[in-house]
Amino acid sequence: MPELPEVETLRRGLEPLVIGRRIEELICRVPKLRQPLEPAWNAGVAGQKILAVGRRAKYLLFELERGSLVLHLGMSGVLRLLNAGIEPQKHDHIDLRLDQNQVLRFNDSRRFGLLLYLETNPFDHPLLKKLGPEPLDFLLPCDYLFTATRHRRVAIKNLIMNQQILVGVGNIYASEALFAASIDPRRPAESLTKNEAIHLLAQIQKILQQAIEAGGTTLKDFRHSDGKPGYFRQQLQVYGRRGEKCRCCGQKIQQLVLGQRSTYFCSRCQH
DNA sequence: ATGGGCACCTGGCTGC
DNA sequence: TGCAGCCAGGTGCCCA
C-alpha cells in the first residue's frame, strides 16, 4: 500500500516513540512473508536496543546495537505501536515486544511485506543494493532523470516507478507527478526533452514532499503509527478519478493500464 | 540489457 | 443473498 511518503510518515511517527527502547522478543506467527522468517532471529534480536529508525526507498530500517531489522510494508502492511496484552487479530503476523509493556505489531493481509534481520550492513543486502537514488536527496542532479531516460523505450510512467532508476514512486504518485508535469504517461521515456525530464523530476520531488507534509495518502488501510489517517487523498488530481472532471480543464479523467497497473491521466492537459 | 508478463496473497466491491 | 470475477498503494523472477 505505501509509497515513499507513507513509509516516511510512519518512520517519523515511530522515531520518537521507539528510539532507545529495548526489544524483549520477536514473535512471528506466520512462516513467511515475501521471504521466510527465521526462528533464530529472535535469539539475535532479543535484548537489543533500537538506536535509530531509518528509511531507504520504501524500506524501514531499525538500527539495533548489533544489526538491523529491515521492514517492507508491501501493499497492505500496517505497523502500529500498541500496549501489551491486546490479543492479536487476523493477519497480525509479527510482534516486536518492547520494554515498558508495549508492542510494535505488524499486520499484513496480503503478505507481500518483508522482514529481515541482518547483522551485516543492510545496504549491502541484494534487495537494497540495487536501489536507485532517493528522489528527495538534495544532492541528486536536477537532470538525473533526463540521463536515466536516454535510450529507454518503456513508458515514462513505468520508468519512474522502476526502483532501480528512482526509489519511492509508486502507482499513485506516478500518475500524480505526470499530471503535474503535463506529460502523457504512455510516452516512451526516451522521447522526453531535457526540459520535460527536469520538470518531471521537480514535480516528483514536490509531490512526494507535499504528501509527506500531509501525512501520506490514506486510501484503504494506511494509518500512521498512531492510527490516524493521512490527508493527501484530498489533494489527488487524477488517481482514482476516472470519469470525473479534470480540476484543470474540466475534461474527463481517463484510466488505462500500463505495466499491469491502473494509470490515470487527463488527455487534454498531458502530452 | 531491456521490457513484458506473471507470481506471490487476501479482501472488498461490482454486477449478474 | 450468493457468488464469480475483478481490482487493489509492491516487487522479484523468468523469458523472449
Side-chain angles (χ1 to χ4, degrees), chain A residues 1-10 29-37 55-60 70-79 89-94 106-116 125-132 147-178 185-191 204 207-208 211-212 214-224 229-243 255-264:
Chain A
M1 74 74 171
E3 303 182 33
L4 186 150
E6 289 72 41
V7 180
E8 178 61 20
T9 297
L10 177 61
R29 300 186 190 85
V30 286
K32 73 185 273 285
L33 295 171
R34 236 166 76 197
Q35 292 187 7
L37 299 162
R55 179 188 60 73
R56 173 75 174 105
K58 301 172 191 171
Y59 292 89
L60 263 187
V70 179
L71 182 71
H72 194 292
L73 303 180
M75 291 273 260
S76 54
V78 178
L79 186 66
Q89 309 290 306
K90 199 170 186 185
H91 307 305
D92 280 344
H93 302 311
I94 296 170
F106 182 65
N107 178 292
D108 183 11
S109 58
R110 293 178 74 180
R111 276 187 274 135
F112 290 166
L114 173 79
L115 179 76
L116 298 170
H125 189 279
L127 290 178
L128 302 198
K129 198 151 194 165
K130 285 182 292 184
L131 293 170
T147 310
T149 51
R150 296 309 86 187
H151 312 294
R152 299 296 296 253
R153 272 175 266 182
V154 273
I156 183 62
K157 178 180 179 247
N158 294 355
L159 183 125
I160 61 175
M161 289 177 65
N162 181 339
Q163 303 297 299
Q164 297 186 26
I165 305 267
L166 189 69
V167 303
V169 178
N171 204 34
I172 298 181
Y173 299 117
S175 281
E176 293 297 312
L178 286 159
R186 299 166 291 187
R187 291 255 309 269
E190 64 182 0
S191 75
I204 289 171
I207 280 172
L208 294 178
I212 291 170
T217 301
T218 299
L219 290 185
K220 287 192 206 130
D221 42 17
F222 172 72
R223 288 291 184 279
H224 294 192
Y231 292 99
F232 195 72
R233 185 178 190 175
Q234 290 109 315
Q235 296 178 47
L236 296 180
Q237 301 298 306
V238 288
Y239 186 86
R241 298 190 65 237
R242 177 181 61 179
Q255 179 185 20
L256 52 79
V257 175
L258 281 177
Q260 296 102 240
R261 310 298 300 276
S262 268
T263 305
Y264 300 85

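Every chain is numbered from 1, with letters handed out A, B, ... down the list of sequences.
At a threshold of 4.0 angstrom between heavy atoms, the contacts of A:L127 are confined to the sugar-phosphate backbone, with no base atom among them.
Across the protein-nucleic acid pair, A:R150 atom CZ and B:dA1 atom C1' stand 17 Å apart, rounded to whole Å. Separating the CG atom of A:L73 from the C1' atom of C:dG10 is a distance of 10 Å, rounded to the nearest angstrom. Atom-to-atom, CD of A:E6 to P of C:dA8 comes out at 17 Å; the value is rounded to the nearest Å. Rounded to whole Å, atom C1' of B:dT10 lies 17 Å from atom CD of A:Q89. Atom pair A:R261:CZ and C:dA8:P shows a separation of 8 Å (rounding to whole Å applied). In this entry the distance linking CZ of A:R55 with C1' of C:dG10 reads 16 Å, nearest Å. The NE2 atom of A:H125 sits 10 Å away from the P atom of C:dG12 (whole-angstrom rounding). Counting to the nearest Å, the C1' atom of C:dG10 and the CD1 atom of A:I160 are 15 Å from each other.
A sub-4.0 Å separation between OP1 or OP2 of C:dT11 and a side-chain N or O of A:H72 is present. Taking only side-chain nitrogens and oxygens, A:S76 never comes nearer than 4.0 Å to OP1 or OP2 of B:dG11.
Using a 4.5 Å heavy-atom threshold, the side chains of A:H125 and A:V70 count as separate. Contact check for A:Y173 versus A:I160: no side-chain heavy atoms found under the 4.5 Å cut-off. By the 4.5 Å heavy-atom criterion applied to side chains, A:L115 and A:F106 are not counted as neighbours. Proximity of A:E6 to A:L73: side-chain heavy atoms (C-beta onward) are nowhere separated by under 4.5 Å. A:P2 has its side chain out of reach of A:L10: every pair of non-hydrogen atoms, C-beta onward, lies at least 4.5 Å apart. Taking the side chain as every heavy atom from C-beta outward, A:K90 and A:N107 never approach each other to under 4.5 Å. Counting heavy atoms from C-beta outward, A:N162 and A:R152 have side chains that approach closer than 4.5 Å.
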Given Watson-Crick or G-U pairs with both distances under 3.5 Å, what dot-bracket string fits DNA chain B, with | for other-strand pairs and [ ] for crossing? .|||||||.|||||||

Could you encode protein contacts along nucleotides 2-9 of chain B as a string, one character per nucleotide from 5' to 3', using B for base contact, S for sugar-phosphate-only contact and - for no contact, with a heavy-atom cut-off of under 4.0 Å? SSSBB-BB

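One P atom belongs to B:dC9, the other to C:dC3, and the distance between them is 24 Å to the nearest Å. Nucleotides B:dA1 and C:dT11 are separated by 22 Å at their P atoms, to the nearest Å.
Residues satisfying the side-chain hydrogen bond (donor to acceptor under 3.5 Å, both in side chains) criterion with A:Y264, sequence neighbours excluded, are A:Q255.
Enclosure of atom CZ in A:R242 is not indicated, since only 12 or fewer non-hydrogen atoms of other residues, nucleotides or ligands lie within 6.0 angstrom.
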